Amino acid sequence: MAPKKRSRAAPSHSEASTETAGGRKARKEPAEEQQKDSYSHWLMKSEPESRIENGVDVKFGIEDLKALPNQTGCWDGVRNYQARNFMRDMRVGHQAFFYHSNCKEPGIAGLIKVVKEAYVDHTQFDKKDAHYDPSSKPENPKWSMVDVQYERTMKRFIPLSELKKHHLQHKAKGGPLKGVALFTRARLSVQPLSEEEFDFVLSLEDADNQI
DNA sequence: GCCAACGTTGGC
DNA sequence: GCCAACGTTGGC
């Protein structure tokens, strides 16, 4: 999964979500912002190295987001129902880790924040797009995206290998990362973190926490 | 580039 | 609605 460089799409109507495909419930009431059991921290995967899909380079690393006008871009190209549903749960101000996937050194590169809530991902209708979906019709769009803004690069890159060590350790002896989605639902490109998980990962930035 | 894990599709 | 075949993700 890799969003493309695009600073802002033409504003589309935000869809009332209907189908859920086994994920969590989609929202209906934009007025009720604070649903209790919903997440407010996320991890979003993108590929920082060039790879051609449908004739298009899907490269989009944190530096690419940082380079966009206003350091803001739309997170398009998500084509998995669970990941989409998580994006629909996102609210303005939520923080997410920017994760580099499918690359030489996978891991957490930085922090981003949600600046626009879910709306129609126009790239699903674009034959020239890497993530064109011929099965989706404009009258009933399948896929959504959010806008995110670069917040900062991590004080140091947090490699997947390090996160995995903690995960395994926590699984054996208990700890915040014992059930973290990055390993228990490895293929999800947009995933939630509990506050505890999020805080623990943040604490890894400090050198004395290194393994 | 290999391939395990897992999500999706479609025949029945 | 089962499930085999197929396609994709993403670490290694």
Side-chain angles (χ1 to χ4, degrees), chain A residues 1-5 15 17-26 39 42-65 73-90 96-110 112 118 121 123-137 140-146 148 154 156-172 177-193 197 201 204 210-211:
Chain A
M1 203 62 40
K4 285 190 327 312
K5 318 165 175 67
E15 67 277 38
S17 36
T18 45
E19 80 269 59
T20 52
R24 57 193 42 247
K25 211 171 287 157
Y39 292 97
W42 311 93
L43 180 145
M44 304 175 83
K45 297 181 184 176
S46 186
E47 304 183 37
E49 292 171 9
S50 284
R51 189 174 61 82
I52 304 302
E53 201 175 326
N54 192 24
V56 186
D57 192 350
V58 297
K59 171 186 186 296
F60 188 78
I62 194 164
E63 293 307 318
D64 298 304
L65 176 63
C74 56
W75 205 269
D76 60 5
V78 171
R79 298 291 182 266
N80 168 283
Y81 287 108
Q82 285 189 49
R84 179 205 69 178
N85 292 343
F86 281 132
M87 283 205 296
R88 288 179 178 180
D89 287 340
M90 291 179 179
F97 289 121
F98 194 119
Y99 179 88
H100 282 173
S101 74
N102 207 12
C103 57
K104 197 165 289 179
E105 204 184 13
I108 292 173
I112 57 181
D121 178 349
T123 66
Q124 66 197 295
F125 309 121
D126 180 0
K127 286 194 171 68
K128 297 278 171 57
D129 192 88
H131 304 286
Y132 171 58
D133 181 359
S135 75
S136 182
K137 301 295 163 209
N140 187 19
K142 284 187 181 174
W143 307 112
S144 304
M145 62 187 182
V146 296
V148 296
M154 300 305 274
R156 66 177 183 90
F157 184 83
I158 315 283
L160 178 67
S161 58
E162 183 178 337
L163 294 165
K164 189 167 195 172
K165 283 179 197 164
H166 287 292
H167 166 64
L168 291 174
Q169 207 166 285
H170 292 182
K171 219 168 57 161
L177 295 194
K178 67 177 182 208
V180 74
L182 193 55
F183 302 105
T184 59
R185 307 167 74 185
R187 294 181 30 176
L188 253 192
S189 68
V190 176
Q191 40 180 265
L193 284 87
E197 290 167 341
V201 173
L204 295 178
Q210 277 180 257
I211 293 186

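Just so it is clear, the structure is predicted and the values come from calculations on it, not from any experiment. Naming: A, B, ... by sequence-line order, numbering from 1 per chain.
Side-chain atoms of A:Asn80 lie closest to B:dT8 of the nucleotides B:dC6, B:dT8, C:dC12.
The separation between A:His100 atom NE2 and C:dG11 atom C1' is 16 Å, rounded to whole Å. Rounding to whole angstrom units, CD of residue A:Glu105 and P of C:dC12 are separated by 11 Å. Taking atom CG on A:Leu188 and atom P on C:dT9, their separation rounds to 12 Å, with Å as the unit. Residue A:Arg187 contributes atom CZ, which lies 8 Å from atom P of B:dC6 at whole-angstrom precision. C:dG7 atom P lies 14 Å from atom CD of A:Glu53, rounded to whole Å. Atom CD in A:Gln191 sits roughly 13 Å away from atom P in B:dC6 (whole-Å rounding). Between A:Leu163 atom CG and C:dC12 atom P there is a gap of 11 Å when expressed in whole angstrom units. Atom NE2 in A:His167 sits roughly 14 Å away from atom P in C:dG11 (whole-Å rounding).
With hydrogens and angles ignored, the 3.5 Å screen pairs a side-chain donor or acceptor of A:Gln124 with a backbone N or O of A:Lys142. Judged by distance alone, with hydrogens and angles left aside, the side-chain atoms of A:Gln191 form a donor-acceptor pair with the main-chain N or O of A:Leu182 at under 3.5 Å.
Aromatic ring orientation, A:His167 versus A:Phe183: parallel (interplanar angle below 30°, classes split at 30° and 60°).
DNA chain B is contacted by both A:Ser135 and A:Arg185; A:Arg185 maps to the nucleotide lying nearer its 5′ end (nearest heavy atom per residue).
Note on A:Lys45: a side-chain N or O is less than 4.0 Å away from OP1 or OP2 of C:dG10. Within the 4.0 Å cut-off from OP1 or OP2 of C:dG10, not a single side-chain nitrogen or oxygen of A:Lys164 is found. Taking 4.0 angstrom as the limit, A:Tyr99 places a side-chain polar atom (N or O) nearer than this to OP1 or OP2 of C:dG11.
Side-chain atoms of A:Arg79 and A:Ser136 include no donor-acceptor pair closer than 3.5 Å.
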